[in-house]
Amino acid sequence: MTSDVEHLLRTEAPQVLGALVRRFGHFDIAEDAVQEALLVASRTWTAEDVPENPRSWLIRIGYRRMVDLLRTDQARRRRERLAGVSELAMQDPARRARPVLETDESLTLLLLCCHPALSPTSQVALTLRAVGGLTTTEIAHAYGSAENTMGARISRAKQQLVRAGARFTPPTDADRVSRMDAVMQVLYLIFNEGYTASTGDELARVDLTREAIRLTRMLRDSLPDDPEVTGLLALMLLTESRRAARTDDDELVPLDEQDRARWDPELIREGTELIDSVWRRREVGTYQLQAAIAAVHAAAASPDRTDWPQIAALYLGLERLSPTAPVRLSRVVAVAHAYGPARGLALLDNLNRVYHLDEEPLTRQRERAIRAHLLEMTGDTAGAAARYREAAALTQNQVEQRYLQRRAHRLG
């Protein structure tokens, strides 16, 4: 199977799954049918022999397989029998599927995967599996868990959807508003896990960042007038533009030391145009604010030309909308760059007294890394070295760990 055919199948898979679940209402069985339809296609398609309407072709195969699975109640029928069964089904006029409608099922499928009955981790896993097309092995690797553990989580998520009576129906306006936050949060989590992997010997998981961007593009195609969806896509593109400069010989390179010539100008151009297109609207959301911050970084030709006071102001606005520990900690960095390390340390101490950022699971490691950097800037090398070592002990990402240990060693 060529890479072009593989990409086509990956793109069409969620559309086929959406069509089958919309027709039959059985998420788990429909996924089996889709996987087997993709298997038939991978065996028979070549780059020169792709059907004129590949989606309709896949839906017809999946439909026939779905009928077989429902009639016999054997959802685990051996895949080796798929080709023969599918060919016989297609030749039987009495079992022909209804005409296929060329509709985009991606948004509805994302909404189903992000059902409120599921935990955030299950929402992410199910989205990656059903919409993103990642294997259980790939998802398990991304989250540092065993394949059987992740497989069981995904299976439970599907069962929860059944118990919750989740139906695959077009979202109403009210449902779209209430569920869209969950969808965007899931895509945001996928991108963040890919951009800085929580475990492993690589700083980033490019497959996850690319998949998050692909799915967010798909979401924006469904909702082109939603400013927050546009802001989320802009944020991902602007952040991803720096990926090539973040490491050098597998060693972490902090933002102010990166070679900006290695930043991707096309991603910067597209991301900046996207955030500019929605920035002047009346309501500004959290993803738009984060994208605006990323755009300010991208606009600076060198670190010393970065408009840090503007970034600090944007983070203050973001904190008012999203008063989370990571946002508060990011504001500390911006304030320190804009107004000096002493002021940054004072703000960090105050936030720790009120919000305990040094104890929060999401920020306790980064709090120490930031404090170490600010102490180093003030000349307190002993205190900085100690905090760098503490931060290194709290991360499971080996690239980040080596960077922090190296900083500590250099200070003695």
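Without hydrogens or angle criteria, Glu228 side chain to Tyr287 main chain gives a donor-acceptor distance under 3.5 Å. With hydrogens and angles ignored, the 3.5 Å screen pairs a side-chain donor or acceptor of Thr378 with a backbone N or O of Leu375. Using modelled atom types, no side-chain atom of Asp201 and backbone atom of Gln398 make a donor-acceptor pair closer than 3.5 Å. Thr230 places a side-chain N or O within 3.5 Å of a backbone atom of Asp226 that can act as its donor or acceptor partner. For Thr127 (side chain) and Gln123 (main-chain N/O), a donor-acceptor pair under 3.5 Å exists by modelled atom type. The closest donor-acceptor contact from the side chain of Asn53 to the backbone of Ser56 lies under 3.5 Å.
Surrounding NE2 of His356 are more than 12 heavy atoms belonging to other residues, nucleotides or ligands, all under 6.0 Å away. In the displayed structure, Glu257 atom CD is contacted under 6.0 Å by more than 12 heavy atoms of other residues, nucleotides or ligands. The 12-atom threshold is not exceeded at CD of Glu202, counting heavy atoms of other residues, nucleotides or ligands nearer than 6.0 Å. Counting non-hydrogen atoms of other residues, nucleotides and ligands closer than 6.0 Å to CD of Gln396 gives a total of 12 or fewer. Under a cut-off of 6.0 angstrom, the local environment of CG in Asp250 is sparse, with at most 12 non-hydrogen atoms contributed by other residues, nucleotides or ligands.
Glu376 and Arg387 are not joined by a salt bridge, as no carboxylate oxygen comes within less than 4.0 angstrom of a charged side-chain nitrogen. Between Arg371 and Asp380 there is no salt bridge, since none of the side-chain N atoms of the basic residue sits less than 4.0 Å from a carboxylate O of the acidic one.
When side chains are defined from C-beta on, Arg366 counts as touching Ser330, because their heavy atoms get closer than 4.5 Å. Side-chain contact between Asp264 and Glu240 is absent, with no heavy-atom pair separated by less than 4.5 Å. In this structure the side chain of Glu31 reaches within 4.5 angstrom of the side chain of Lys158, judged on heavy atoms. With contacts defined as side-chain heavy-atom distances shorter than 4.5 Å, the pair Ile154/Met150 qualifies. Between Arg260 and Ser302, every side-chain heavy-atom pair lies at or beyond the 4.5 Å cut-off.
Between Trp45 and Trp57, the angle of the ring planes goes over 60°, which puts this pair in the perpendicular group of the 30/60° scheme.
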* Could you give me the CA-CA distance, side-chain angles and deciding distance for Arg328 and Thr363, then say whether side-chain hydrogen bond (donor to acceptor under 3.5 Å, both in side chains) is met? => CA-CA 10 Å; Arg328 291 187 172 110; Thr363 54; over 6 Å; no
* **Verdict with supporting geometry, Glu400 and Thr395, side-chain hydrogen bond (donor to acceptor under 3.5 Å, both in side chains)** => CA-CA 7 Å; Glu400 187 176 23; Thr395 180; 3.1 Å; yes
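For the pair Arg343 and Tyr339, the cation-pi test (distance below 6.0 Å, angle within 45°) is passed. In this structure, Arg368 is not positioned above the aromatic face of Tyr388 in the sense of NZ or CZ being under 6.0 Å from the six-membered ring centre and within 45° of the axis.
Defined by atom type and a distance below 3.5 Å, a donor-acceptor pair is present between the side-chain atoms of Gln290 and Tyr188.
The distance from the CD atom of Glu319 to the CG atom of Leu329 is 10.5 Å, given to the nearest 0.5 Å.
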